[in-house]
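For reference, the structure discussed in these notes is given below.
This structure is a prediction, so every number in the text was calculated from the model and none was measured.
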Amino acid sequence: MASLLLRQRRVSVLGVSRILQAVNGDSSRLQPESNCRTFARFGVIIRNYSSGKGTAKFDFTDLTRPHTWYPNARKKQRKVFLHVGPTNSGKTYHALKRLESSSSGVYCGPLRLLAWEVAKRLNKARVPCDLITGQEKDEVDGAKHKAVTVEMADVTSDYECAVIDEIQVTSDYECAVIDEIQMLGCKTRGFSFTRALLGIAADELHLCGDAAAVPLIQELLKVTGDDVQVRSYERLLPLVPLEVPLGSFSNIRTGDCIVSFSRKEIYKLKKKIETGGKHLCSVVYGSLPPETRTRQATMFNDASSEFDVLVASDAIGMGLNLNISRIIFSTMKKFDGLEMRDLTVPEVKQIAGRSGRYGSKYPMGEVTCLDAEDLPLLHSSLKSASPTLQQAGVFPSFDFIYMYSRLQQKRGLYQILEDFLENAKLSDNYFFANCEEMLKVAAVIDELPLSLQDKYLFCLSPVDMNDEISSQGLTQFAENYAKKGLVRLKEIFSPGSLQVPKTHSALKELESIHKVLELYVWLSFRLDESFPDHELASSQKAICSMLIEEFLERLGFQNPTSRKLNSLMAKKRRQYL
């Protein structure tokens, strides 16, 4: 199927970028206004770093004072409130109530699902709120509030490049909320949380997350002049670790969520449970489209739905409100990309804590394992404190890379990035975010006649380079953009050819095609004239989600309700077509 949807790659990479007209590696040929902005921003940075003594040469690899990159935030004496506690303790609820009562504000979440949920909540409360993520921008008349994914947080930075927040307007807020703030220690995305923490210009900054982040945040904000207060919360409903394992699948009951870390195993578990004839299972895992995950969760939460059991990956750890009575770990090990290892204490707590949601019909949350041999690790993890975070992630912006490239006779972005990271200096409180994905993209597009700025943009895109179809889609987009400056979706994708997958391999291909369409939408927000088919890509993306859901429905045993659902989804798909 993928071969029909993604047309054969063009080998030719001749031509130049229509927008920037830059020869590969010749950074001096950036658009004049972009060039001037870069030098102007760095003029301010250099002044911020300067001690006023002498005329020492500025070191573009010195990243030891990231708080100085955000002068507007530094002009404020921010009041920072740390709302910390376990899952289902009400910490985010209290922060959002303050956001709702403020005259202006922004919510920054780690997932699109969370941004959607907050935007919906505020608008329902008659507080007009825009929704802005990497793939969508839904503006509401008169809105002074925003719900955004953390990467889209609008900060005022002397070094911030428009390529990251091109669809944003920097703002000054009365109140800002950053959710899951402990993710500033994440090896891949931590720098986005650090950027929001240091850069958001708000009178009040509310940080929600694990208590393990408190000492590090207090240390980072010592140099900012902010007033920091800690508010601790306890679970609203008890979480009870059971002394016995699940044992037989005949012991599965309504409200259960069985957790696995393998996509293949998730479907095996779904089949085993449904074969018993008592339950239907909703499915949630990371590579499902966000829209599909939301609808699967909605079916599970609906008391009138026959989908009364959830089979999921650790994707349930955040982003979805789920009425779970009992979490069942099918295993206490996961493959992290390098090795098979035991779950960490934070991972166990994050997942186990999803049971016993306050406001659901269940008086408590329970957690157990499928096998008795896993119970000791479960119990010890729940009794242990999460390790205290030691460092926060940072990453150089395009401006740092651009200025560094002018000092180095390096032609490709890959080599510039690698060299910069090798020579850059950080303080003990920070680490460089893992840029393996960026380097993979840079290696692919370095041979194309694109400007450094264009290459940096493609490297920031949400492409999955470990997915063959997704990486092929990015390559074709970049090649067409370099050749003609215009990328039409129909040149690499055949609308109308999408079908309900009949096998698990076909399902995986459809999930990959969804990633390609999502990538096009992301690029269309930043290079709208060069990627003009935004509406077509969005509609095809929605069809992908519906086809995936229809496949999931057909996996269950056929009954009148399932047939009605399939018929309804087919009707919706025809409306899009």
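Judged purely by atom type and a 3.5 angstrom limit, Ser248 has no side-chain atom pairing as donor or acceptor with the backbone of Asn251. Under the 3.5 Å distance criterion, the side-chain polar atoms of Glu100 are left unmatched by any main-chain donor or acceptor of Val127. The closest donor-acceptor contact from the side chain of Arg78 to the backbone of Asp227 lies at 3.5 Å or more, if one exists at all. For the pair Asp226 (side chain) and Val228 (backbone), a donor-acceptor distance under 3.5 Å is absent. The backbone N or O of Glu151 sits nowhere less than 3.5 Å from a side-chain atom of Ser192 that would complete a donor-acceptor pair. Asn88 places a side-chain N or O within donor-acceptor distance of the main-chain N or O of Gly353, the cut-off being under 3.5 Å. The main-chain N or O of Cys281 is found under 3.5 Å from a side-chain atom of Lys270 such that the two form a donor-acceptor pair. Side-chain atoms of Arg112 do not come within 3.5 Å of backbone N or O of Gly134 as any donor-acceptor pair. A donor-acceptor contact shorter than 3.5 Å is absent between the side chain of Asn423 and the backbone of Phe420. A donor-acceptor contact shorter than 3.5 Å is absent between the side chain of Glu174 and the backbone of Ser102.
Applying the ring-ring contact (aromatic ring centres under 6.0 Å, His included) rule to Phe300 yields no partners; only residues at least two apart in sequence or on another chain are considered. Residues that satisfy the side chain to side chain contact (heavy atoms under 4.5 Å, CB included) test with Lys120, not counting sequence neighbours, are absent from this structure. With sequence neighbours left out, the salt bridge (Lys or Arg N to Asp or Glu O under 4.0 Å) criterion links Lys541 to Glu291. Annotation: ring-ring contact (aromatic ring centres under 6.0 Å, His included) contacts of Tyr285 (sequence neighbours excluded): Tyr267. In this structure Asn301 satisfies the side chain to side chain contact (heavy atoms under 4.5 Å, CB included) test together with Leu322, Asn323, sequence neighbours excluded. Under the salt bridge (Lys or Arg N to Asp or Glu O under 4.0 Å) criterion, Glu265 pairs with no residue at all, not counting sequence neighbours. A search for salt bridge (Lys or Arg N to Asp or Glu O under 4.0 Å) contacts involving Arg341 returns Asp336, Glu347, not counting sequence neighbours. With sequence neighbours left out, Tyr414 forms a ring-ring contact (aromatic ring centres under 6.0 Å, His included) with no residue at all.
Salt-bridge formation is detected for the pair Glu436/Lys440: a Lys NZ or Arg NE/NH1/NH2 atom is positioned less than 4.0 Å from an Asp or Glu carboxylate oxygen. Note on Arg326 versus Asp256: salt bridge recorded, some NZ/NE/NH1/NH2 to OD/OE distance being below 4.0 Å. Looking at Glu366 and Arg253, a side-chain N of the basic residue comes within less than 4.0 Å of a carboxylate O on the acidic one, giving a salt bridge.
Geometric assessment of Lys146 against the ring of Tyr107 yields a negative cation-pi assignment under the 6.0 Å and 45° thresholds.
Listed by first and then second residue, the ring-ring contact (aromatic ring centres under 6.0 Å, His included) pairs that reach into residues 207-255 are His83-Tyr233, His94-Tyr233, sequence neighbours excluded. Residue pairs satisfying the ring-ring contact (aromatic ring centres under 6.0 Å, His included) criterion with at least one member in residues 342-375, sequence neighbours excluded, are absent.
If you look at Trp69 and Phe400, their ring centroids are closer than 6.0 Å.
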**Message:** Show, in sequence, the C-alpha distance, side-chain angles and deciding distance for Leu205 and Leu197, and conclude whether the side-chain contact (heavy atoms from CB on, under 4.5 Å) test is met.
**Reply:** CA-CA 8 Å; Leu205 181 61; Leu197 170 66; 4.2 Å; yes
Donor-acceptor pairs are to be reported for all side-chain atoms of residues 210-219 against protein atoms at under 3.5 Å, with residues two or more places apart or in another chain.
| unit_1 | atom_1 | unit_2 | atom_2 | d |
| --- | --- | --- | --- | --- |
| Asp210 | OD1 | Ala212 | N | 2.8 |
| Glu219 | OE1 | Lys222 | NZ | 3.1 |

For residues 385-396, run the donor-acceptor check on the side chains, cut-off 3.5 Å, and write out each pair with its distance to 0.1 Å, sequence neighbours left out.
| unit_1 | atom_1 | unit_2 | atom_2 | d |
| --- | --- | --- | --- | --- |
| Gln390 | NE2 | Thr388 | O | 3.2 |
| Gln391 | NE2 | Asp428 | O | 3.0 |
| Gln391 | NE2 | Tyr430 | O | 3.2 |

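Heavy atoms from other residues, nucleotides or ligands lying under 6.0 Å from CD of Glu339 number more than 12.
With 3.5 Å as the limit, one finds no donor-acceptor pair spanning the side chains of Asn434 and Thr188.
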